[in-house]
Amino acid sequence: MYDFLKVEEKWQRLYSERRLFEVDLQNAQKPFYNLMMFPYPSASGLHIGNMYSFIGSDVYGRFMRLKGHDVFEPIGFDAFGIHSENYALRVDRHPAELTPESIEYFREMQLKRIGAIYDWRSEVITSSPEYYKWTQWIFVKLFKAGLANKKLSRVNWCPNCKTVLADEQVIDGRCERCDSQATRKETSQWFFEITRYAERLLKNLEKLDWTETTKSIQRSWIGKSSGAVIRFPLENGGPELEAFTTRPDTVYGVTYLVVAPEFEHAPALVIAEKKDEFKHFMQDVEKMDIATRTSIKREKRGMFTGSYAKHPLTGEKLQIWVADYVLAEYGTGAVMAVPAHDERDFDFALKYELPIKQVIACESAELPFTGYGKMINSGKHTERRSEDFIADVDKIHGSMSSSVTYHLHDWCVSRQRYWGPPIPIVYCDKCGTVPVPEEQLPVLLPETDDYVPDGSGKSPLARNEEFVHTECPECSGPAKRETDVNDNFLDSAWYFLRYVSPDNEASPFDDDLAKKWLPVDMYIGGNEHANLHLMYARFITMALHDTGYLHFEEPFKSFRGHGLIVNEGQKMSKSKDNMINPIRYFETHGVDCLRTYLMFMGSFLEGGDFRDSGMDAVKRFLNRVWEIANHPEGESSDSLKSKMAWAIDKVEYSVRNIKYNTGVAALMEFVNEALKEENIEKKLVLDLARLLSPFAPFIAEEIHALKGGTVTILDSGFPSGYEEYAKAVSVEIPVQINGKIRGKVSAERGIDQERLMELVSADEKLSGYLKDVRIRKVVFVKDKILNIVVS
RNA sequence: GCCGGGGUGGCGGAAUUGGCAGACGCUACGGACUUAAAAUCCGUUGGGACGAGGGUCUCGUGUGGGUUCAACUCCCAUCCCCGGCACCA
């Protein structure tokens, strides 16, 4: 019986003693950068989802190494940020004290045991000053490039926690931490202008070798929509009111205009007699929480401002309304209402008895009709097609021009928290907003016990007099530091760049190494980070490219988003108490078994269903592998060698296409065959171990060593040399009569149609089908199938 | 509502893209070994019909149509599940 505990411990020790996975980054001949998503060392340990992700990525890395690449597989810790900070707050520990402990546990007790080919020399910890010095450096570079700006904005606010919340911390309109209703609050925040890159971020997706789901998530997050801006002159003069629309073809159907309550010029539009009503209206809107405000079902509310605009084409007088269904942050913050052809405008018009004018041909019962069609009641454009008008929009009238908007909004990077890299900005009365010069970085996060957010909406750092007061880098006069820290997503937006030279004190990454190793060849991780992390990493890479620091603009050539694990068909959750603890299986089944089972239980990209019975099955399988390895050496049959040829192809195909389950299945088939023979050739045993090694590295190493292999199986190459056996064996060719399988004939590979037909005639059963009929057609696919059409 | 992904035995899932549907594994059942159990090994395991039997026939990949010598795979329509986006103008 295979003693997995002993063997795994032995190889874990050898792996760390011999440093087998350290890559000579300078001199590597065939660099392959295999990246996985580094973990937050925040909770009590790695969970099964982390393991699943890391192992899936490591299988790929080990495979590429077997294939002869110099595989660079680094790991680190996303140690700053709200996850780690909230965890520290919950257990009442200082994050600066707790985080290193968590990292120690992750690294020593978990990551070093799972058999991944990590190069530990490249470890990065985002909360270390050596790392965040460069996070701050990136901030400064973006600031200097005009991509970082401080502006007033309405941000998510939790009235209970009294803190600003990131979008991703608001779930169904509620605070992620305390479940109270989130509201909006206007504060001054730092933003990265990612929206300037919206088109490139969208366009580049076409060229990227990424899983389709991941690209689709990014596309909808960017949310491009094309249309036109139409300018409506105000009756009383002043600036024109601009409205974005995707349907300029319905412009003749505009019966009123609507602006958002927060629209910059809304108060100016409200006439004197309506000021009081507007004030009350605004108060009601402010009070509304986000869930209610954005609910589709909620009845729309609005009020007439008393002002009028003029229709640019017809000269008609149009009422200007304020309504809560219009959002200031999208488009121009103003909407041209076409109730006949827009559901929201239709509802609103009915409620407030505003006119409805049909301008696209349809039955009146179909209103609101939102499809394209023939334009009617549209002046000289009557009879035109919608699509035709939209394509021509720039030529129609001076008030209309084609325009594009995106749902993507600028990235709010400031956080009023403690556990993050301080934003490297100084405010000076004389010099204004001044970035901290590069040679003064990092701006160290002060060591203090006063780090708990107080609900003032300001960072705890604002209470730290020693930190706040500084001198201006330009005029040396008294100045104050920015007290917000950076969003955690900035830490992780560039970590893969740091891995190539984590100790470099002169720059965030060594240029030569970056040229040699970047961009990342393969990135495997969960789709839960498809929006934010991947988008931000792409943006930072593009920005560093444009500022001349990187030679590429897309960080990840290939990305594969994998699925989620469920437990016995049930979603895992702490409340259901059905979380799988991976460490437990290290003792009962072994790491090899867990790795192999995780890859076998389902299709990696789709996710899988974890069952203990499956773990037992894989344990049996590994025991059988061990049994074969200990069979007497002797000659093996040609058919077993041909099975090996088949298994080699299967494993290669399955790994390259991230269909690991089918690779493991192929190995099981080979093992089932091999068990039928009493002897086995040494080469077959070694090749089996090689094929198995990406999945179950420890047993594979042990078998390799047992059969006289040296150092590590990883450098022993990918199996080959069975081509002749694959060819020599005869094939079974299914024979169809009129498309139905009626039998099979055994023939040598490559047989031609004529000879095959002779075999069919000689076959008792098949020839029966050909009696008394006329053969009308014969379809033959070499070595695959024969179909005889008869009448 | 829009955009992705999917729907295959009792279950997890295969089928390298139009060429033997159900690989591999689980479960269940039967058997061997055992005083017994565990472990291990062997056999059966999509539905139906026929056959003493080796087997033979037939239906079958959410549903309804279509293309093709041949369809889980392609086309049209439709239902359901999962994920993303969403008062986005």
Side-chain angles (χ1 to χ4, degrees), chain A residues 1 211-225 227 243-247 250 258 260 293-300 323-327 329-338 342-345 347-348 370 405-407 527-528 530-531 561 563-564 566 568-569 597 600-603 605-618 620-621 623-624 627 649-650 652-654 656-657 659 661-669 671-672 675 732-744 765 776-781 783-790:
Chain A
M1 187 66 94
T211 27
E212 191 51 44
T213 39
T214 316
K215 289 205 226 181
S216 156
I217 290 168
Q218 293 232 326
R219 280 192 200 101
S220 55
W221 186 258
I222 295 168
K224 179 178 181 173
S225 76
F244 174 76
T245 178
T246 54
R247 294 297 302 275
T250 62
V258 202
R293 178 80 193 269
T294 55
S295 162
I296 273 166
K297 292 169 209 102
R298 184 180 57 82
E299 199 180 334
K300 297 151 194 28
D324 56 9
Y325 73 95
V326 177
L327 306 174
E329 55 275 18
Y330 184 75
T332 60
V335 172
M336 62 173 222
V338 185
D342 182 281
E343 279 164 34
R344 293 151 308 176
D345 297 341
D347 291 346
F348 195 78
T370 57
T405 32
Y406 301 89
H407 296 181
N527 267 323
E528 66 273 18
N531 267 343
L564 294 173
V566 295
E568 305 270 352
Y597 178 60
F600 177 67
M601 68 183 181
S603 161
L605 298 180
E606 309 288 322
D609 190 2
F610 192 98
R611 285 157 192 235
D612 278 356
S613 58
M615 283 292 292
D616 295 338
V618 171
R620 280 197 289 274
F621 164 65
N623 280 330
R624 287 197 287 259
E627 199 183 311
D649 285 352
K650 278 280 190 184
E652 168 137 20
Y653 177 83
S654 92
R656 290 206 186 275
N657 293 284
K659 294 170 167 219
N661 52 339
T662 61
V664 177
L667 293 172
M668 287 175 170
E669 281 197 57
V671 165
N672 290 344
L675 278 170
E732 285 239 295
I733 298 176
V735 178
Q736 297 183 329
I737 312 288
N738 285 347
K740 282 188 177 152
I741 304 286
R742 294 301 182 183
K744 288 169 193 177
K765 190 190 162 200
R776 297 176 45 166
K777 192 175 177 183
V778 177
V779 181
F780 175 58
V781 182
D783 294 338
K784 279 271 172 68
I785 204 157
L786 179 74
N787 191 3
I788 303 166
V789 186
V790 300

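Just so it is clear: chains get the letters A, B, ... in the order the sequence lines come, proteins before strands, and each one is counted from 1. What's counted below: heavy atoms across the whole structure, side chains too, no hydrogens, waters or symmetry copies.
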So what's [N] paired with, Watson-Crick or G-U wobble, going by both distances under 3.5 Å?
| N | answer |
| --- | --- |
| C74(B) | G66(B) |
| G22(B) | none |
| G43(B) | C29(B) |
| C85(B) | G1(B) |
| U56(B) | A49(B) |

[X] has a side chain; which of [options] sits nearest to it?
| X | options | answer |
| --- | --- | --- |
| Val781(A) | G19(B), C20(B), G12(B) | G19(B) |
| Lys650(A) | G25(B), C59(B), U16(B) | U16(B) |
| Asn672(A) | A23(B), C20(B), G25(B) | G25(B) |
| Ile785(A) | C24(B), C20(B), A89(B) | C20(B) |
| Glu669(A) | C24(B), G84(B), A89(B) | C24(B) |
| Gln736(A) | A70(B), A89(B), G4(B) | A70(B) |
| Lys765(A) | C88(B), U56(B), U58(B) | U56(B) |
| Arg620(A) | C69(B), G12(B), U40(B) | U40(B) |
| Thr213(A) | U58(B), G12(B), G4(B) | G4(B) |

Please check if the side chain of Thr211(A) supplies one atom and the backbone of Thr213(A) the other of a donor-acceptor pair under 3.5 Å.
no
Return yes if some donor-acceptor pair links the side-chain N/O of Lys650(A) with the main-chain N/O of Thr662(A) below 3.5 Å, else return no.
no
Using the [atom1] atom in both, what is the distance from [N] to [M], to the nearest Å?
| N | M | atom1 | answer |
| --- | --- | --- | --- |
| G66(B) | G18(B) | C1' | 16 Å |
| A37(B) | C29(B) | P | 14 Å |
| U17(B) | A71(B) | C1' | 12 Å |
| C42(B) | C57(B) | P | 30 Å |
| C81(B) | U8(B) | P | 14 Å |
| G65(B) | U73(B) | P | 14 Å |
| G7(B) | U58(B) | P | 28 Å |
| C72(B) | U63(B) | C1' | 15 Å |

Hey, which sits more toward the 5' end of RNA chain B by its nearest nucleotide, Val779(A) or Leu786(A)?
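Looking at the nearest nucleotide for each, Leu786(A) comes out on the 5' side.
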Could you say whether Thr662(A) or Asn787(A) is positioned toward the 5' end of RNA chain B, judged by the nucleotide with the nearest heavy atom to each?
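Per heavy-atom nearest nucleotide, the more 5' residue is Thr662(A).
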Can you tell me the distance, in whole Å, between the [atom1] atom of [X] and the [atom2] atom of [N]?
| X | N | atom1 | atom2 | answer |
| --- | --- | --- | --- | --- |
| Arg344(A) | C88(B) | CZ | C1' | 7 Å |
| Arg219(A) | C2(B) | CZ | C1' | 14 Å |
| Asp616(A) | U27(B) | CG | C1' | 13 Å |
| Ile222(A) | G84(B) | CD1 | P | 17 Å |
| Arg611(A) | G10(B) | CZ | P | 15 Å |
| Trp221(A) | G84(B) | CH2 | C1' | 10 Å |

Do other residues, nucleotides or ligands put more than 12 heavy atoms under 6.0 Å from the CZ atom of Arg776(A)?
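12 or below, so no.
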For Leu564(A), look at atom CG and say whether over 12 heavy atoms of other residues, nucleotides or ligands are found less than 6.0 Å away.
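Counting neighbours around CG of Leu564(A), 12 or fewer heavy atoms of other residues, nucleotides or ligands fall under 6.0 Å, so no.
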Tell me whether the OP1 or OP2 atom of [N] has a side-chain N or O from [X] closer than 4.0 Å.
| X | N | value |
| --- | --- | --- |
| Ser225(A) | A89(B) | yes |
| Asn623(A) | A39(B) | no |
| Ser603(A) | A14(B) | yes |
| Arg742(A) | U56(B) | no |

For Phe621(A) and Phe600(A), I'd like to know if the aromatic rings sit close, meaning centre-to-centre distance below 6.0 Å.
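Ring centroids of Phe621(A) and Phe600(A) are no less than 6.0 Å from each other.
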With syn meaning chi within 90° of zero and anything else anti, the base of U17(B) is syn
Tell me if G9(B) is syn or anti. Syn = glycosidic torsion within 90° of 0, anti otherwise.
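Nucleotide G9(B) adopts syn.
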Quick one, Trp221(A) and His407(A) - any side-chain contact, counting heavy atoms below 4.5 Å?
no
U16(B) base to Lys659(A) side chain: any donor-acceptor pair below 3.5 Å?
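In this structure, the two groups form no donor-acceptor pair.
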Is there a donor and acceptor pair closer than 3.5 Å between the side chain of Lys744(A) and the base of C20(B)?
yes
First locate atom OG of Ser654(A), then atom CG of Leu667(A), and finally report the distance between them rounded to the nearest 0.5 Å.
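Going from OG on Ser654(A) over to CG on Leu667(A), the span is 8.0 Å.
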Charged N to carboxylate O under 4.0 angstrom, Glu627(A) versus Arg620(A)?
no
